[in-house]
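Take a look at the structure below.
Bear in mind that the values here come from a model prediction, so they are computed numbers and not experimental data.
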Amino acid sequence: MSYAHLNAYSRLLRGAHEAVATGRAWPESPRRLIKASWRRSLDAGIDPEGTSAPLVCDPTSMRDIRDTHPLQPLLPLLAQTLSGMADETGHIMIVTDGDGRVLWREGNHAVMRHADRIGLADGHQWGERDVGTNGIGTALATGRPVHVYSEEHLMRVLHIWSCSAAPITDPDSGRVIGCVDVSGTARSLHPATVALVAATAKLAETQLALRMHERDERLRRRYESLRGRPGILLSATGRVISGDPAGDLGERVQVGERLSPGHRLLLRDGTVAHLEPFSGGYLLHPAPSAAPQPLTLSLLGEGVPTASYGDGDRPLSLRHAELLALLTLHPHGLTAEQLSFHLYGDAGNPVTIRAEIHRLRAQLGEAIAAKPYRLACPVEADFLKVRHLLSSDDPAALARAYPGPLLPRSESPEIRRERDELEAQVRAFLLRRGGPDEWWVYAQTCNGRDDYEVLERLAALPPTDLRSAAARSRLLS
């Protein structure tokens with residue numbers, strides 16, 4: 001970005017900051033990523049006049065925290081990649097944990113003295129909910145590399161800073177465990193900085209993956225030495241390593257923490273399994289169990305969406321129906337941030353999602369699990385049934401099972417994609433394999449009522465067929 005563009009953008013941001021401070025509508029908004037971050041930060045109660053990140057960890061305990069963090073062995077690699085560049089260009093490199101707590105920093109000593117004044121130092125926490133929009137917090141909130149320029153920070157005291165940051169995801173647990181950041185008091189960083197930081201985060205993830213595969217191989221050799229190889233082998237984080245050739249369990253089982261021997265788990269197929277510690281991992285012994293009650297969802301067509309769980313049908317609000325549809329489409333679960341993005345895009349607010357999930361769980365109880373949010377019972381959804389029938393050779397059953405589009409009032413990008421794809425597949429299947437009976441059933445759906453090709457086929461039926469007259473009438477109207 002040229003200096004002229006930077007100056008113009010700075011004026012826009014100053015106007016937006018004044019609006020925030022006085023409670024007025026923003027005259028012009030910053031770029032979409034920053035606008036969404038400001039809204040999250042303001043909803044979390046961040047004061048734009050704040051002066052420092054909070055100290056959340058006693059400095060005397062930092063050594064133990066660092067030594068037990070999974071990124072500790074990779075610090076020399078991160079330092080070799082970034083700290084030299086940071087020192088030479090008047091910046092500092094920072095590594096945090098998954099909550100934004102600063103664990104390590106290196107780089108230019110003069111800049112580190114400036115950083116001390118705002119709490120950009122060991123033991124201070126830089127999540128969005130702690131200091132508002134900033135490279136570390138916003139990268140952790142969005143799950144992607146970001147650059148935050150000067151006045152894009154919500155807190156005014158940070159306006160002399162610019163930063164580029166990228167989250168680091170542990171391939172073993174699937175969780176974001178840290179963030180790597182380059183920050184400085186220069187008005188802007190070189191455009192390549194965010195790309196370099198992102199590449200460094202990917203390099204760290206690659207090293208974590210190599211270490212994970214080495215642990216898996218050692219665990220697998222011990223498992224294969226067992227007579228009969230009982231049970232299914234899981235890593236300490238619940239990843240399926242061996243003993244499940246059909247892939248019934250998927251890639252991961254939610255094992256939780258502090259498990260006792262013989263701990264019982266409810267698997268996604270409704271069976272109960274016993275979990276036993278094994279050489280740093282677990283052995284899973286599936287056992288028959290009384291199947292839990294299913295959750296039945298009716299989300300197709302123009303009627304009120306409903307859920308049936310336990311003691312009868314419940315009407316669903318559009319938002320609750322969307323949440324259940326998304327959790328059905330993602331059986332391994334979604335975080336509040338991911339659900340928010342699927343529903344609202346960058347303008348979403350995870351706080352709103354958590355409140356809606358809380359209300360939904362009050363209705364459906366144990367059907368919805370947390371961390372991440374997921375459906376913890378068998379699911380019977382009308383749109384899943386339609387998906388299944390598309391692979392059959394029964395157009396009559398498909399026509400009966402499809403009363404119309406999936407949640408037609410939903411504006412969720414994810415649900416719209418699923419809705420459009422399902423509609424196109426049903427229509428193509430019925431036109432190709434169906435006959436007059438199936439075309440007529442489809443013509444009663446909201447999209448089929450005015451489908452020209454379907455109506456033309458029905459209009460070509462003998463004049464004595466009442467469906468022909470109805471189709472001709474619609475074609476003429």
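From Glu380, atom CD reaches atom OG1 of Thr296 across 4.5 Å, with rounding to the nearest 0.5 Å. How far CG of Leu203 is from CG of Leu78: 7.5 Å, rounded to the nearest 0.5 Å. With values rounded to the nearest 0.5 angstrom, Ser41 atom OG is found 5.5 Å from Leu154 atom CG. Put simply, CG on Asp116 and CE on Met112 are 8.5 Å apart, with the number rounded to the nearest 0.5 Å. Atom CG of residue Asn134 and atom OG of residue Ser183 lie 8.0 Å apart, to the nearest 0.5 angstrom. Taking CD1 from Ile160 and NE2 from His153, the interatomic distance works out to 10.0 Å, rounded to the nearest 0.5 Å.
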Worked check of side-chain contact (heavy atoms from CB on, under 4.5 Å) between Thr352 and Tyr344:
CA-CA 11 Å; Thr352 302; Tyr344 305 108; 4.3 Å; yes

Could you please spell out the steps behind the side-chain contact (heavy atoms from CB on, under 4.5 Å) verdict for Thr96 and Asp181?
CA-CA 8 Å; Thr96 76; Asp181 168 89; over 6 Å; no

Could you go step by step and tell me if Tyr309 and Cys377 meet the side-chain contact (heavy atoms from CB on, under 4.5 Å) rule?
CA-CA 10 Å; Tyr309 185 71; Cys377 62; 4.0 Å; yes

Decide yes or no on side-chain contact (heavy atoms from CB on, under 4.5 Å) for Leu323 and Leu343, but give the supporting numbers first.
CA-CA 8 Å; Leu323 288 170; Leu343 281 174; 3.6 Å; yes

Pair Arg220-Glu217, salt bridge (charged side-chain N to carboxylate O under 4.0 Å, His left out): steps then yes or no:
CA-CA 5 Å; Arg220 189 180 290 109; Glu217 186 56 33; 2.9 Å; yes

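Side-chain N/O atoms of Thr237 and Ser173 include no donor and acceptor closer than 3.5 Å. Ser410 and Ser412 are not linked by any side-chain donor-acceptor pair at a separation below 3.5 angstrom, with hydrogens and angles left out of the test. With hydrogens and angles left out, the side-chain atoms of Thr133 and Glu152 include no donor and acceptor closer than 3.5 Å. Side-chain atoms of Thr81 and Thr200 form no donor-acceptor pair, as typed in the model, at a separation below 3.5 Å.
For the pair Leu219 and Ser235, the tightest heavy-atom approach, listed with the atom from each and the gap, is CD2-CA, 4.3 Å. Summarising the geometry of Leu77 relative to Gln207, their closest heavy-atom pair is CD2-CG, 3.5 Å, with the distance given to 0.1 Å. Summarising the geometry of His114 relative to Arg117, their closest heavy-atom pair is ND1-NH1, 3.0 Å, with the distance given to 0.1 Å. Taking all atoms of both residues into account, the shortest heavy-atom contact from Pro167 to Gly143 is CG-C, 3.5 Å. Of all heavy-atom pairs spanning Arg361 and Ile368, the tightest one is NE-O, 3.2 Å. Ala236 approaches Gly280 most closely through the heavy-atom pair CB-O, 3.3 Å.
Counting only distance, with no hydrogens or angles, the side chain of Ser52 and the backbone of Ile118 share a donor-acceptor pair below 3.5 Å. A donor-acceptor pair under 3.5 Å is formed between the side chain of Thr328 and the backbone N or O of Leu324. Counting only distance, with no hydrogens or angles, the side chain of Trp104 and the backbone of Met93 share no donor-acceptor pair below 3.5 Å. Of the possible donor and acceptor atoms, none in the side chain of His91 sits under 3.5 Å from a partner among the backbone N and O of Val182. Listed for the Asp170 side chain is no donor-acceptor partner under 3.5 Å among the backbone atoms of Ile177. Side-chain atoms of His147 do not come within 3.5 Å of backbone N or O of Ala165 as any donor-acceptor pair. For the pair Ser150 (side chain) and His159 (backbone), a donor-acceptor distance under 3.5 Å is present. A donor-acceptor pair under 3.5 Å links the side-chain atoms of Arg374 to the main chain of Pro372, judged by distance alone. In this structure a side-chain-to-backbone donor-acceptor pair under 3.5 Å is missing from Tyr373 to Arg354. Side chain of Asp382 to backbone of Leu299: a donor-acceptor contact under 3.5 angstrom is found.
Salt-bridge check for Arg40 with Glu337: failed, with every basic side-chain N at 4.0 Å or more from each acidic carboxylate O. A salt bridge links Lys202 with Glu205: the closest approach of a Lys/Arg side-chain nitrogen to an acidic carboxylate oxygen falls below 4.0 angstrom. Under the 4.0 Å criterion applied to side-chain N and carboxylate O atoms, Arg101 and Asp97 are assigned as salt-bridge partners. The pair Glu224-Arg221 does not count as a salt bridge, with every side-chain nitrogen at least 4.0 angstrom from each carboxylate oxygen. A salt bridge does not link Glu423 to Arg419: none of the charged side-chain nitrogens sits closer than 4.0 Å to a carboxylate oxygen.
Here side-chain hydrogen bond (donor to acceptor under 3.5 Å, both in side chains) pairs that include residues 63-74, with residues two or more places apart or in two chains, are Arg66-Asp122.
Counting only heavy atoms from C-beta outward, the side chains of Leu407 and Pro305 approach each other to under 4.5 Å. Taking 4.5 Å as the limit, every side-chain heavy atom of Leu234 sits out of range of all side-chain heavy atoms of Ile241. The side-chain heavy atoms of Leu33 and Arg144, taken from C-beta on, include a pair separated by under 4.5 Å.
Listed by chain and residue number, His330 satisfy the ring pair (Phe, Tyr, Trp, His ring centres under 6.0 Å) test with His342 (two or more places apart in sequence, or in another chain).
Residue Pro171 is tested with His213, Arg211, Met212 for a side chain to side chain contact (heavy atoms under 4.5 Å, CB included); the sole match is Met212.
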